[in-house]
Amino acid sequence: MDVKSVGVIGAGQMGNGIAHVLAAAEYEVLLNDVSQDALDSAIATITGNLARQVSRGKITDEAMQAALGRISTTLELPQLGQTDLVIEAATEREAIKQAIFEDLQPHLLPHTILTSNTSSISITRLASRTDRPERFMGFHFMNPVPVMQLVELIRGIATDEETYKSCKTVVDRLGKTAASAEDFPAFIVNRILMPMINEAVYTLYEGVGSVQSIDQSMKLGANHPMGPLELADFIGLDTCLAIMNVLHDGLADTKYRPCPLLTKYVEAGWLGRKTERGFYDYRGEVPVPTR
Ligand SMILES: NC(=O)c1ccc[n+]([C@@H]2O[C@H](COP(=O)([O-])OP(=O)(O)OC[C@H]3O[C@@H](n4cnc5c(N)ncnc54)[C@H](O)[C@@H]3O)[C@@H](O)[C@H]2O)c1
């Protein structure tokens, strides 16, 4: 199927990035959220990010205006039923995602493909609650969307080949690279990345190294562009903990048990950059390790 229009549900940090790259690749985008503030700030973020691309000579001003012209916003979820492809990028809570798909279902065109940007929730389970599990799959962008090259395409147990091919064509047109993953907890990237971050927190918890020495070791010793604790702060410690819990529950293996220190940071509300405190304190001029 030739996808021309895309509905994006959730205008948060992922949804605005997804709308940005789709519009830049000449898709018509309808961006939805339950909050007008979220829609307004998404448009402001997209405008700022496109303007930065113009100032760096990556795109022209005409291309920026054309991309912005392809994005419409709405608080009305049913309107998204008229699009060819829906990418759900709302809050990572299964009940929210299920309610969205349930509310959208009566308004869908027969051919519309449904996808979710979920980092960890079972695609098969989300799909099973809809009328079209064969036209449902995981469409998992990385953060920040305009910068990161990879998109994981996750087939649920019922996803058909045509749906996969249609989504792969979209990824190709975005100039990104698709990695295909089966529907098991946390898919590929987070299955590997999160246990590494969790192990870094254990290394801190057991006193093997300080925040600074752990991050420096992985940057200079393993050539990682960011240290694991710095990266955890960037992702959000609540998100890291939620994904570790999904791995622990879904694979029932003690090797995935979340580090108690990670839990403690989340309980403190020290969630990383978004709350200005995590493994580093971001309230001053330069980030200062909190341990
Ligand atoms: N943050 C990341 O690094 C990352 C990476 C890949 C995937 N994801 C996934 O992307 C999704 C969104 O994450 P985010 O970081 O953008 O979250 P976010 O909190 O920045 O944004 C979520 C948005 O969803 C909106 N929302 C909530 N309920 C809604 C509803 N019923 N209908 C429409 N909109 C609704 C909220 O108002 C908010 O604007 C999650 O599933 C997350 O797991 C996140």
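Predicted model, so just to flag it, every value in this text is computed and none were measured. Atoms within each ligand, like the ligands themselves, are counted from 1 in listed order.
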Quiz item: Between Y280 and Y282, how do the two ring planes meet: parallel, tilted or perpendicular, split at 30° and 60°?
Solution: tilted

Quiz item: Are more than 12 heavy atoms from other residues, nucleotides or ligands located less than 6.0 Å from atom CZ of F184?
Solution: no

Quiz item: With a 4.0 Å cut-off on heavy atoms, is I96 touching ligand 1?
Solution: yes

Exercise. Taking atom 1 (N) of ligand 1 as the reference point, report whether a protein heavy atom occurs under 4.0 Å from it.
Key: yes

Quiz item: Taking distance alone, with no angle check, do E88 and ligand 1 share an N/O pair under 3.5 Å?
Solution: no

Practice problem: With heavy atoms of H140 as the reference, note each atom of ligand 1 found under 4.0 Å away. | Solution: 6 (C), 7 (C)

Exercise. Only one of L150, V151, I154 passes side chain to side chain contact (heavy atoms under 4.5 Å, CB included) with H140; say which it is.
Key: I154

Quiz item: For ligand 1, which atoms, with element, lie under 4.0 Å from some heavy atom of A89?
Solution: 11 (C), 12 (C)

Quiz item: What atoms in ligand 1 come closer than 4.0 Å to a heavy atom of T118?
Solution: 41 (O)

Self-check item: Stepwise salt bridge (charged side-chain N to carboxylate O under 4.0 Å, His left out) test for R155 and E161
Solution: CA-CA 9 Å; R155 291 181 172 93; E161 193 54 24; 3.4 Å; yes

Quiz item: Should Q82 and S5 count as side-chain neighbours, where that means a heavy-atom distance under 4.5 Å?
Solution: no

Quiz item: Just wondering, are more than 12 heavy atoms of other shown residues or ligands nearer than 6.0 Å to CD in Q216?
Solution: no

Exercise. Look at atom 21 (O) of ligand 1 and say which protein heavy atom is nearest, naming residue and atom and giving the distance to 0.1 Å.
Key: G12 CA, 3.2 Å

Practice problem: Give the atoms of ligand 1, by number and element, whose distance to some non-hydrogen atom of K97 is under 4.0 Å. | Solution: 40 (C), 41 (O)

Quiz item: Taking the inter-plane angle between the rings of Y265 and F279 on a 0 to 90° scale, is it parallel (under 30°), tilted (30 to 60°) or perpendicular (over 60°)?
Solution: tilted

Exercise. Can you pull out the closest protein heavy atom to atom 13 (O) of ligand 1? Residue, atom name and distance to 0.1 Å, please.
Key: M14 CG, 3.8 Å

Quiz prompt | Interfacing atoms of ligand 1 (cut-off 4.0 Å, heavy-atom, N32) | solution = 33 (C)

Practice problem: Check whether any heavy atom of T91 sits under 4.0 Å from an atom of ligand 1. | Solution: yes

Self-check item: Single-linkage hydrophobic cluster F136~I9, side-chain heavy atoms < 4.5 angstrom
Solution: yes

Exercise. Report, in ascending order of atom number, the atoms of ligand 1 lying under 4.0 Å from any heavy atom of G10.
Key: 24 (O), 34 (N)

Practice problem: Considering the heavy atoms of Q13, write down every atom of ligand 1 situated less than 4.0 Å from one of them. | Solution: 1 (N), 14 (P), 15 (O), 16 (O), 20 (O)

Self-check item: Nearest protein heavy atom with distance in Å, relative to atom 10 (O) of ligand 1
Solution: N117 ND2, 2.9 Å

Quiz prompt | Neighbour count >12 (heavy atoms, 6.0 Å) for atom CZ, R93 | solution = no

Quiz item: Under a 4.5 Å cut-off applied to non-hydrogen side-chain atoms, are S210 and R291 in contact?
Solution: no

Exercise. Answer whether the closest heavy-atom distance between the side chains of Q79 and N32 falls below 4.5 Å.
Key: no

Quiz item: With a 4.0 Å cut-off, would you call E102 and R129 a salt bridge?
Solution: no

Practice problem: Identify the protein heavy atom lying closest to atom 38 (C) of ligand 1, giving its residue, its atom name and the separation to 0.1 Å. | Solution: D33 OD2, 3.5 Å

Quiz item: Would you say atom 19 (O) of ligand 1 has a protein heavy atom nearer than 4.0 Å?
Solution: no

Quiz prompt | Residue, atom name and distance, where the atom is the protein heavy atom closest to atom 8 (N) of ligand 1 | solution = S119 OG, 3.2 Å

Quiz item: Is the closest N or O pair between S35 and ligand 1 shorter than 3.5 Å?
Solution: no

Exercise. Count the heavy atoms of every other residue, nucleotide or ligand shown that sit under 6.0 Å from CD of Q212, and state whether that count exceeds 12.
Key: no

Exercise. Indicate, as side chain, backbone, both or neither, the part of I121 found under 4.0 angstrom from ligand 1 when only non-hydrogen atoms are considered.
Key: neither

Quiz item: Among protein heavy atoms, which lies nearest atom 32 (N) of ligand 1, and at what distance?
Solution: V34 CG1, 3.5 Å

Practice problem: Report, in ascending order of atom number, the atoms of ligand 1 lying under 4.0 Å from any heavy atom of A38. | Solution: 39 (O)

Practice problem: Could you check atom 41 (O) of ligand 1 against the protein and tell me its nearest heavy-atom contact, residue, atom and distance included? | Solution: E92 OE1, 2.5 Å

Practice problem: Flag G15 as yes when one of its N or O atoms lies below 3.5 Å from any N or O atom of ligand 1, and as no otherwise. | Solution: no

Practice problem: Out of A11, G17, A90, indicate the one that has the non-hydrogen atom closest to atom 40 (C) of ligand 1. | Solution: A90

Self-check item: Sidechain-backbone polar pair: T275 side chain, L271 backbone, donor-acceptor under 3.5 Å
Solution: yes

